[in-house]
Amino acid sequence: MSRFIDELKRTHRCGELRAADEGNVVVLFGWVASRRDHGGCVFVDLRDRTGITQVVFDPAYAGAELWTAKHGKLPEDFDPKLALEAHGMAEQMRTEWVIGVRGMVVSRGNNKTTKIATGDIEVIVLEATIFNKAETPPFEISDDVQTREEIRLEKRYLDLRRPKLQHTLITRHKINQATRNYLSGQGCLELETPYLVKYTPGGARNFLVPARMAQGKFFALAESPQLYKQLLMVSGFDRYFQIVKCFRDEDSRLDRQPEFTQIDIELSFTNQSEIFRLIEGLIFAIWKEALGIDLKELYPSGQFPEMPYEEAMGKYGSDKPDLRFDLPHVDLTDLILEKGGGGVPFWAEIADRYKSGALRADLKPEIVKALVIPAAANLSRPQLEELEKGLREIKGFRGLARAKIAEDGSWTQSPLAKSITDEARLAINAACGAKPGDVICFQFGKETLVHTVMARLRSDVAKRMGLIPEYGHGGKWSFLWVVNPPLFEYDEETKTFAAAHHAFTRPVDEHIPLLETDPARVNCYRYDVVLNGFEIGGGSVRLHDPDVQQRVFNVLGIRDQDARDKFGFLLDALKSGAPPHGGIALGMDRLAMLLSGAQTLRDVIPFPKTNQATDLLTGAPVEVDPSQLAELKIKSLS
RNA sequence: GGGGUGGUAGUUAAGUCGGUUAUAACGCCGGCCUGUCACGCCGGAGGCCGCGGGUUCGAGUCCCGUCCACCCCGCCA
């Protein structure tokens, strides 16, 4: 048995040794990243999560002569027999074997390299051990090699050996530490809340957990600690935070996983701006800790800009606009209505629907929008077609009308050119600020679809123009608060209102009288914090006044009994002496993704699920034995 | 629930108009090599072309179905 581990403790990690360590005898443990056998001398790149050190198995160093000739003395504990044995092992070694070496740090002399941080030195091996052999991995453990995601997820433990992923998870650790330090320093208490909670309808679909002790009944996995953190405020804990797992049984996306982590925060005796200042401070601390970046240089006031929800939707068609570039939308709806469609049949139809009262003019359920692709983008016609092709992924998308502006202001390459009146064309050119060579893209119809299409177009054009990279931050950080969205959503079909966020969000003070007269115009103290086009957090100031609460329920058509059934415990709590309170939750995974420049959420989660919410590593979910279901009094119909 | 892209050797990819023995790089195995660092040189093995059906004299290639992964819409307050 070798002396490693019990007697010979690890003295350094593989990314640590520098020129200052020359002459020291060290012990390193790690994985064989690569092996280069020169017949005599064998080089091994030894890897752990801190980096790579080149270790050298040289039979010439098994004799005393070379040591004394080159280094003037023998290293301590020098045993020629062990050194020779080590060289024999090196000839057997293969990638991903786990080994330990004891050796002397020496200068690489003329063979220094800057490719690795330890490139000034190498370790001449005096003694080695093979802790474990390894099967040849199904893919190379390397950052540059692109491998099918399916295989990476199946062998996730190997994928996680890649330096990039290790670095990302280390970054995640730093975010967690910075968060705890900062929030604790701000007087927030880290308190835990249940995962097994009561199912409440509405909102995200819950995962259900059968309750064995109460047959036929179910828990839900918490989609967030929302209700509990409000109860903690009622209890007087004043300031709370938690880094907490949340579960939502909804379809995945590049930035959405069925189980994910939130930095959850709630404050008492607070308002919107106080919450903003706290979060800005937290984000500054995280950037400092994880990236060494001082955001004060970008935001000297220490504050992120704010934009009303309405403005964000109007200018960018999104409640989470990417402001690393501008390319604003131009809303032509009013102009088109005024011109009765401007000669374009489709637009005339929309104008007629408003005129006849079929559409409510104050809510604008159908709109006409434009986006100008500047001449400087220099996009060819095939490139424009390519942009349109990407939009076809959107359900309901029927095509993008374009118009290229000629020198005299007329439109070319456009299906609209023939029907548009000169007057409308000039008015649109002026409204868009379009100059010769620019291309105007039009989209019209249902507001939600127009916004989905145009927001995607805006982002695609920016990528095509090189304003932002395909993915990643590109060295730009654009934070934004999107504030005060409508409290209610109006459903054209059922002619009813639904809570846009949740029923416990406080309306903005001056809109409270509108609850009875014009609910569609009631905005609320809700806010999202946006980074580079991703929503990295959202929250609200809560409604703690029972009277206003009742009036909100009235708008929603929630009868007393409904409210009691769903949220009775919270309503009771709010009547028991609830302080004014509000909070926010940051998407910890998204933060980690954006901050580390990762391409998907999966790259910042050690063991992520696939798009279809399965775990390729373990095969979960699986069927269970009928006896297990019987114990729960559950029958599978599949 | 809907749309899109992809699945060929262990990995990444090529494969023309349907035509003979399905290519390449890396990896793997064997041999040589004392200064490489993605070492190099020589040789070798490796394939249910995702799966099932169909058309055809003949299918990796065409058609139908299906599974899996990814991206998007819906959904996610």
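In what follows, chains are A, B, ... by sequence order, proteins preceding strands, each numbered from 1. All figures in this text were calculated on a predicted structure; none of them were measured in a lab.
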Side-chain N or O of A/Q146 closer than 4.0 Å to phosphate OP1/OP2 of B/rU11: no
Atom-to-atom span, NZ of A/K463 to C1' of B/rC71 - whole angstrom: 11 Å
Phosphate contact (B/rA69 OP1 or OP2) by A/T610 side-chain N/O below 4.0 Å: yes
Geometric class of the A/F497/A/Y490 ring pair [parallel <30°, tilted 30-60°, perpendicular >60°]: tilted
Presence of donor-acceptor pair under 3.5 Å, side chain of A/E122 and base of B/rG35: yes
Of the listed nucleotides B/rC37, B/rG1, B/rG35, the one nearest the side chain of A/K395: B/rG1
Presence of A/K115 side-chain N/O under 4.0 Å of B/rA38 phosphate oxygens OP1/OP2: yes
Rounded distance in Å - CD (A/E250) to P (B/rG1): 13 Å
From B/rG27, B/rA69, B/rG7, nucleotide with atom closest to A/E149 side chain: B/rA69
Any donor-acceptor N or O pair under 3.5 Å, side chains A/H581, A/R542: no
B/rU61 versus B/rC17 - spacing of their P atoms, nearest Å: 15 Å
Sugar-phosphate, base or nothing in reach of A/I52, heavy atoms under 4.0 Å: nothing
Atom-to-atom span, CD of A/E154 to P of B/rG50 - whole angstrom: 16 Å
Among B/rC73, B/rA77, B/rA69, the one nearest A/T452 by side-chain distance: B/rC73
Nearest-neighbour nucleotide for the A/R602 side chain, B/rU36, B/rC71, B/rA77 considered: B/rC71
A/T95 side-chain N/O to B/rG27 phosphate OP1/OP2 under 4.0 Å: no
Nucleotide of B/rA77, B/rU34, B/rC37 approaching A/E223 most closely (side-chain heavy atoms): B/rA77
Pairwise P distance for B/rG54 and B/rU16, with rounding to whole Å: 25 Å
Proximal nucleotide (of B/rG35, B/rC75, B/rU36) relative to the A/R36 side chain: B/rU36
d(OH, A/Y471; P, B/rC72) in whole Å: 15 Å
Sugar-phosphate only, base, or nothing, as touched by A/N110 at under 4.0 Å among non-hydrogen atoms: nothing
Same-atom distance (C1') from B/rU34 to B/rC29, integer angstrom: 24 Å
Interatomic distance at C1', B/rG1 relative to B/rC75, whole Å: 10 Å
Base paired to B/rC57 (Watson-Crick or G-U; both N/O distances under 3.5 angstrom): B/rG19
CD/A/Q383: more than 12 non-hydrogen atoms of other groups inside 6.0 Å: yes
Who pairs with B/rU66 - Watson-Crick or G-U, where each distance is under 3.5 Å: B/rG50
Separation of the P atoms in B/rG50 and B/rG15, to the nearest angstrom: 15 Å
Atom NZ of A/K133 with >12 non-hydrogen neighbours under 6.0 angstrom: no
Touch class at under 4.0 angstrom, heavy-atom based, for A/D45 against every strand present: sugar-phosphate
Enclosure of A/R161 CZ (heavy-atom neighbours >12, cutoff 6.0 Å): yes
Touch class at under 4.0 angstrom, heavy-atom based, for A/S142 against every strand present: nothing
Contact under 4.0 Å: A/R253 side-chain N or O vs B/rC70 OP1/OP2: no
side-chain N/O A/T614 vs B/rA69 OP1/OP2, d < 4.0 Å: yes
Side chain of A/D58 - closest among B/rU34, B/rU11, B/rC71: B/rU34
Sugar-phosphate, base or nothing in reach of A/E489, heavy atoms under 4.0 Å: nothing
Nearest-angstrom distance, P atom, B/rC68 to B/rC63: 23 Å
A/T50 and A/E16 side chains, donor-acceptor separation under 3.5 Å: no
N/O (side chain, A/R108) to phosphate O (OP1/OP2, B/rG35) under 4.0 Å: no
Which residue lies more 5' along RNA chain B, comparing A/T600 with A/R148 via nearest heavy atoms: A/R148
Closest non-hydrogen atom pair, A/V604 against A/A598: CG1-CB, 4.0 Å
Per A/D251 side chain, nearest of listed nucleotides B/rC72, B/rA69, B/rG74: B/rG74
Rounded distance in Å - CG (A/L449) to P (B/rC75): 12 Å
Contact under 4.0 Å: A/R392 side-chain N or O vs B/rC73 OP1/OP2: no
Flag for A/Q257-A/D589: side-chain donor and acceptor within less than 3.5 Å: no
Stacking of A/F43 on B/rU36 base (centres under 5.5 Å, planes under 30°): yes
Length of the line joining A/E140:CD and B/rA13:P, which is rounded to integer Å: 14 Å
Watson-Crick or G-U counterpart of B/rC41, or none if no pair lies under 3.5 Å: B/rG31
Sugar-phosphate, base or nothing in reach of A/A503, heavy atoms under 4.0 Å: nothing
Comparing A/L616 and A/R256 on RNA chain B - which has the more 5′ nearest nucleotide: A/L616
Euclidean distance, atom CG of residue A/N611 to atom P of B/rC72 [Å, nearest integer]: 8 Å
B/rC62 to B/rC49 separation - P atoms, rounded to the nearest Å: 16 Å
Spacing between A/R47 atom CZ and B/rC37 atom P, to the nearest angstrom: 19 Å
Candidate nucleotides B/rC71, B/rG27, B/rC37, ranked by approach to the side chain of A/L254 - the nearest: B/rC71
Residues A/N554 and A/Q550: side-chain donor-acceptor under 3.5 angstrom: yes
Whole-Å P distance, B/rG53 and B/rG58: 16 Å
Opposite nucleotide pairing with B/rU11, Watson-Crick or G-U, both atom distances under 3.5 Å: B/rA25
Residue A/H502, side-chain heavy atoms: nucleotide from B/rA69, B/rC37, B/rA77 that is nearest: B/rA77
Sugar-phosphate only, base, or nothing, as touched by A/G39 at under 4.0 Å among non-hydrogen atoms: base
Plane angle bin for A/F247 and A/Y195 - parallel if under 30°, tilted between 30 and 60°, otherwise perpendicular: perpendicular
